[in-house]
Amino acid sequence: MIKPPNLVPVIAIDGPTASGKGTIAQRVALALGWHVLDSGALYRLAAWLVLDRNADANDIDQVALLARRMDVKFEGTQTFMSGVDVTELIRQEHVGNLASRLAPHAALREALLDRQRAFRVLPGLVADGRDMGTVVFPDAPLKIFLTADVHARTARRCHQLRERGEFPDEKAVFLDLQMRDERDMQRTVAPLKPAVDAHALDSSTLTVDQTVDHVLALWRALPANLIGKN
Ligand code: DC
C-alpha cells in the first residue's frame, strides 16, 4: 500500500560538529514559528545516561534499551532527563565524545528513530543533525548541508567553551573536531553526508544572520504548491 505523504513541512539541517547547525536551526524555527529538533542532544542524552548509570558502553543492546526508555523532555532551551535539568551536563566534551563513539551503532540509531520523527508536528519542524535529510526525514522539502572550514569551527567551538568559563586548548579542539568529522563521515550506518537533493551552504565567512537569511530565502523560493508550505 502506498503511504500518504506527510503534510508537516520539515527543514533538515545537517553538517559537521560546530558548523553552527544548532544556532541556525533555532533561529530559522523562531522566524517561522516552527518546532525544533536537536537530534545530537538525543545522542548526548543516551551517552550521559550510560555514564550516569555506569553502564557498559560496549554493550550496545543495553545502550539501545536505555536510549529507547529514557524519559526526556525539551522545554525551551532546557533539557530534562527524568525531571532533572541536564542541559549543561550533556554539553560536556566527554559526553559529546562518548555520543560520537556510540552513534555509529545501528541499534542505537534505530532506538532513537521514532522519537525523532515524533517531533514532526504542525506547523513545521526544523531538524538538525547528521542524517536528518538522508535517513530520518528523507522526504523533507528543504535540506541544507551546512559546513564551515575546520579553522572557523575551531574558533567557534573555543569561543563557546570560553563563554562557559573554560580554557580550551585550541590545538586539542582542532584535533578533536577533525577526529569527530572523520568518525561521523566514515561510519557505515547513516554517515554524515549531504542528501543528493541537499543545498550545500558554507558558513565559514557568513554571520549567523546571513546564514539564517539564506536558509529562509531557500525555503521561500520553493514552489508554492509544495506540500504543507505555509
Ligand atoms: O551535534 P552534536 O555534536 O551535539 O552531536 C553529538 C554526537 O551525536 C555527534 O558526535 C554525532 C552524533 N549524531 C549523530 O550521529 N546523528 C545525528 N543526527 C546527530 C548527532
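Counting starts at 1 for both ligands and their atoms, in listed order.
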Atom indices of ligand 1 within 4.0 angstrom of Met132 heavy atoms, with elements | 18 (N)
Atom indices of ligand 1, in the order listed, that fall short of 4.0 Å to a heavy atom of Ala103 | 12 (C), 15 (O)
So which heavy atom in the protein is nearest [atom], and how far is it from that ligand atom?
atom                    : answer
atom 19 (C) of ligand 1 : Ser39 OG, 3.4 Å
atom 10 (O) of ligand 1 : Ser100 CB, 3.1 Å
atom 8 (O) of ligand 1  : Tyr43 CB, 3.4 Å

So, Ser204 side chain and Asp149 main chain: donor-acceptor pair closer than 3.5 Å or not?
-> yes
Under a 4.0 Å heavy-atom limit, does Asp128 contact ligand 1 with its side chain, its backbone, both, or neither?
-> neither
Backbone, side chain, both or neither: what part of Arg183 comes under 4.0 angstrom of ligand 1, heavy atoms only?
-> neither
Is there a path of hydrophobic side-chain contacts, each under 4.5 Å between heavy atoms of I, L, V, M, F, W or Y residues, that connects Ile90 with Phe74?
-> yes
Polar contacts were defined as any N/O atom of the residue lying under 3.5 Å from an N/O atom of the ligand; does this apply to [X] and ligand 1?
X      : result
Arg187 : yes
Arg109 : yes
Asp131 : yes

Residue selection (non-hydrogen contact nearest atom 20 (C) of ligand 1) among Ala41, Ala99, Gly40 | Gly40
Taking atom 4 (O) of ligand 1 as the point of reference, which of His105, Arg130, Arg44 owns the nearest heavy atom?
-> Arg44
Applying side chain to side chain contact (heavy atoms under 4.5 Å, CB included), run through Arg183 and Arg101 and close with a yes or a no.
-> CA-CA 8 Å; Arg183 208 185 276 151; Arg101 282 209 292 123; 3.6 Å; yes
Under 3.5 Å side-chain donor-acceptor pair for Thr207 and Asp209 | no
Check ring pair (Phe, Tyr, Trp, His ring centres under 6.0 Å) between His199 and all other residues, then give those that pass, not counting sequence neighbours.
-> none
Could you pull out all residues at least two apart from Asp184 that satisfy salt bridge (charged side-chain N to carboxylate O under 4.0 Å, His left out)?
-> Arg130, Arg187
Would you indicate whether the side-chain heavy atoms of Thr79 and Leu45 approach each other to under 4.5 Å?
-> yes
Using a 4.5 Å cut-off on heavy atoms from C-beta on, say whether the side chain of Asp128 contacts that of Leu37.
-> no
